[in-house]
Amino acid sequence: MNTLIKNALILDMTERDKSYRGDIKIENGKISDNPLFKADRELDATNMICMPSLINAHTHTSMGLMRNYKDTAPNLMAWLNEIFPIEAKLEPEDIYWASQIALSEMISTGTTAFNDMYFMMDQTCEAVYQAKMRANIGKTLFGSLDNIQERLKPFDEISEKYLSKANGLIKFNVAPHAIYTTPLETYLYARDMILDKGGDLHTHMSETQIEVDNSIKDFGDTPLMYLEKAHALDDIKVVLAHGVYLSDDEVKLCKDKNISVVHNPSSNCKLASGIAPISKFRKSGVNVALGTDGASSNNNLNMMEEMHLAAMLSCVSNLDPIANTPYDIIKMATINGAKALSIDDKVGTIEVGKDADIILIDTNKPHLTPLNDPFSAVVYSASGSDVDTVFCKGEMLMHNRKLLTIDVDLAMKQTKKRWEHLLTK
Ligand SMILES: [Zn+2]
């Protein structure tokens with residue numbers, strides 16, 4: 001269905017602080033300038049900000065199941081030790097319904113694409129396919145390579161199925177969890193998988209000071225340098241979640257090797273991990289994207305909230321309110337996220353020929369009146385609940401706050417049931 005968005009305040013994210021009022025034509029899923037364009041429907045966007053939809057560059061979709069569960073642990077490892085026993089009991093149906101909940105939350109707060117790392121990826125793929133969203137699904141590797149052929153067997157079949165079925169909306173990465181759970185041999189195997197089948201490497205990196213200290217103690221080097229010197233990163237594209245404690249040499253390596261770093265401010269605050277030096281990354285020419293991490297360490301998947309917190313932390317940690325301007329922060333959640341997911345040729349900006357992954361934010365609200373600078377309004381005043389309408393590849397996923405591709409009441413009912421069942425095991 002072709003859509004005409006009329007008279008919107010457009011932040012197309014192609015140039016610093018550029019905004020203008022205009023129309024957007026969505027034709028066959030793409031942004032069009034066809035003079036013969038005929039709309040099947042028209043949306044009056046007079047009160048709307050229109051911008052690229054948000055990209056969650058690091059998450060664990062189904063961890064929403066463990067939302068608000070035993071999350072008063074004193075640090076990352078203590079918390080993971082509460083989570084791992086539950087994860088060992090998960091069944092496919094748990095993942096499917098938890099994915100539906102996560103996707104509902106993401107769409108309703110303006111996110112249409114995400115970079116995922118979790119288990120039973122076929123269930124998340126099916127939920128993404130049904131919701132008509134976009135995702136890079138991680139083939140998650142955890143621990144040593146014992147029985148690897150058996151464990152990896154389903155990956156090829158699932159990826160082939162959804163690569164063709166999802167019309168380009170689903171891609172696959174290889175996602176070794178972290179150097180403190182996954183040995184070097186697995187990282188090297190991950191690299192081989194990528195060279196063989198494609199995709200990027202998505203991993204946790206230098207999230208805590210303890211991780212870095214242990215890496216120096218156990219491997220004689222900082223985490224990223226350790227992998228680099230072992231040639232685990234040669235000739236592949238890499239996305240690092242966190243990077244809170246990357247050394248200066250590692251930051252330079254990220255720039256030189258075009259490695260993206262995903263800032264996860266809520267998770268880093270909540271687990272008391274630290275504040276990633278995103279100004280340093282940006283000034284060094286490193287691509288910085290934004291993510292929520294899993295909903296069990298956040299505890300939501302709301303990228304509007306993530307932008308707000310990223311901006312606030314940037315101000316206070318730099319003692320400089322414009323170290324990263326609202327435009328810079330929105331970039332992290334849009335085009336920089338698209339670069340991290342290797343989909344920047346398709347999405348991340350509003351440009352003719354790109355896929356129509358677009359959100360409309362309703363500004364007819366007391367907390368957005370008067371609007372003044374729309375970039376500041378999005379980052380500092382708006383909430384996820386102000387997102388009114390969401391498109392992914394031209395398909396309307398939400399309109400007037402109503403989700404159109406997910407039965408959210410059913411998803412909530414089933415997820416509660418699955419969680420209660422899990423706790424009885
Ligand atoms: Zn994570």
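In each ligand, atom 1 is the first atom listed, and ligand 1 is the first ligand listed. Note that the numbering runs from 1 along the sequence shown for the chain.
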Centroid-centroid distance, H58 to H60, less than 6.0 Å: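 That pair passes the under 6.0 Å test.
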Within-2.8 Å protein N/O/S contacts of the Zn ion (ligand 1):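 Only H58 NE2, H60 NE2, H204 NE2, D293 OD1 fall inside 2.8 Å of the Zn ion (ligand 1).
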From D122 atom CG to Y129 atom OH, the distance as rounded to the nearest 0.5 Å: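 Between atom CG of D122 and atom OH of Y129 there are 15.0 Å.
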Residues that W79 engages under ring-ring contact (aromatic ring centres under 6.0 Å, His included), provided they are two or more places apart: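 W79 satisfies ring-ring contact (aromatic ring centres under 6.0 Å, His included) with no residue once adjacent residues are dropped.
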Any side-chain heavy-atom pair of H242 and N268 under 4.5 Å: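 Result yes, sub-4.5 Å side-chain heavy-atom pair found.
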Note: D256-K252 ion pair, threshold 4.0 Å (strictly below):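 The answer is yes: the pair qualifies as a salt bridge.
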D94/R418 ion pair, N-O < 4.0 Å: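 Salt bridge flag = yes for R418 with D94.
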